[in-house]
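Please read the structure below before turning to the comments.
Nothing here was measured: the structure is a model prediction, and the numbers come from that model. Remember, it's 1-based here, ligands and their atoms both numbered in the order they're listed. For the numbers below, each heavy atom of this structure counts, side chains included, while hydrogens, waters and symmetry mates do not.
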Amino acid sequence: MDSFTGKLAVVTGGGSGMGRELVRQLAAQGCSVAACDLNSDAVAVTAATAWAAAPPGVRVTGHTCDVSDEAQVQRFRDELLEEHASDHVDLVLSNAGIFGGGSFVKDSREEWERTFAINWWGVYYCARTFLPLLIASGDGVLVNTSSVAGFWATAGSGAPITAYCTSEFAIKGFSEALIEDLRSNAPQVRVVVVMPGVVNTDIAENSRRALGLPEWEQLSDAELLEQIPEIGRAVLIGMGLLTEDFSADDLRQAIPRLKSEFQGKGFLPAQAATIILDGVRSGAWRILVGEDAKMLDEQVRANPEAPFNHDGYAEMFGPLIAQAQAEASGTPQP
Ligand SMILES: NC(=O)c1ccc[n+]([C@@H]2O[C@H](COP(=O)([O-])OP(=O)(O)OC[C@H]3O[C@@H](n4cnc5c(N)ncnc54)[C@H](O)[C@@H]3O)[C@@H](O)[C@H]2O)c1
């Protein structure tokens, strides 16, 4: 597939971040899109704005769907086939996902399983539901979004991300295993796995909403201190948003300031979407999004023991923290 013009794409998690940008860019390139999200209002805005800016002949529809519920995914499929008057789809971008269930020890089982269900079962149900329609396309592409957390199972010191990493490893493993399966049994479809590094989206807030958790401002001091790991505090201190002897209240006030400092900075979802779509068009099966993803991928492969010891964290995060600080201060590193 070297052009998206005249194709029909499915995008999950199209209400925000990379999903919203994928919808916009696909539509702008002449591709009709059916986007879904848990958040009905957000995906309706995506669909309306992407459609308004698209060339004639393109149709963009927004649908409400929780991808962790197979019956809802099937209903989404039926709706989109009817609305787009189609009997096949050409592209499926399984992008919906959340952070959560960081600690297997301390976090609730409910949060852990909800995170795993959205990230892993969402990808699985979409693959199950849409594979026959990708086969019917004759030139189908299944694009599953994993993460750097799909090859490095931590976010550093004091920051376990167990449910997220487990689901992202599952997505990566499933996608890689599908390569040979599709080649042998459904050669008209190929699979792509996307592994983004840090992208500046609203995933933290959207994840809390998907998990039914309170907003940051509503957390107690103890909860807040527990939820911002050492690595996050180091970035805030390095950026001058927090002093070394900070209180919980300083931390509470630093979060919105961090958001506004980073508004429109760092690696943006539109840049990520362009890399993903260029990668899909180029025929790649593995798309690393961002220099941090490339750097982490190299380091984990080159030195598989280091990623889980504290010196290894310093080695791997040092350049990332320096880069974040430089970007926030407006002097990006080479
Ligand atoms: N932002 C990052 O730094 C980053 C890094 C690596 C991987 N990722 C992955 O990229 C993907 C997109 O993330 P993003 O940063 O654009 O996030 P985002 O929060 O901006 O967008 C994700 C969208 O998915 C939706 N969603 C959540 N649960 C859903 C469900 N059950 N059913 C349908 N929709 C649901 C959310 O409402 C949201 O609109 C995710 O899979 C995420 O794990 C993100």
Option passing side chain to side chain donor-acceptor pair (under 3.5 Å) with Thr61 (candidates His84, Glu79, Glu82): His84
Positive for side chain to side chain contact (heavy atoms under 4.5 Å, CB included) with Leu8, one of Leu133, Leu80, Val92: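 Single pass found, and it is Leu80.
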Quick one: which of [options] has a heavy atom closest to [atom]?
atom	options	value
atom 32 (N) of ligand 1	Val289, Val199, Val67	Val67
atom 31 (N) of ligand 1	Asp66, Leu211, Val11	Asp66
atom 12 (C) of ligand 1	Ile203, Ile118, Asn95	Asn95

Is the closest heavy atom of [X] to ligand 1 under 4.0 Å?
X	result
Cys65	yes
Ala272	no
Thr12	no

N-O pairing of [X] and [Y] below 4.0 Å:
X	Y	value
Glu180	Arg183	yes
Glu176	Lys172	yes
Asp297	Lys294	no
Arg114	Asp66	yes
Asp278	Arg281	yes

For Val280 against Arg190, the heavy-atom pair lying closest together: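 Nearest pair, atom of Val280 first, then Arg190: O-NH2, 2.6 Å.
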Atoms of ligand 1, numbered as shown, that sit under 4.0 Å from any heavy atom of Val198: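 In order of number, 3 (O).
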Hydrophobic cluster membership, Trp51 vs Val45, 4.5 Å side-chain cutoff: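 No: no chain of side-chain contacts under 4.5 Å links Trp51 to Val45.
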Specify side chain, backbone, both or neither for [X], according to which of its non-hydrogen atoms lie closer than 4.0 Å to ligand 1.
X	value
Phe99	neither
Val43	neither
Ser146	backbone

Considering heavy atoms of the protein only, find what lies nearest to [atom] and give residue, atom and distance to 0.1 Å.
atom	answer
atom 20 (O) of ligand 1	Ser16 OG, 2.6 Å
atom 30 (C) of ligand 1	Leu38 CG, 3.5 Å
atom 38 (C) of ligand 1	Asp37 OD2, 3.5 Å

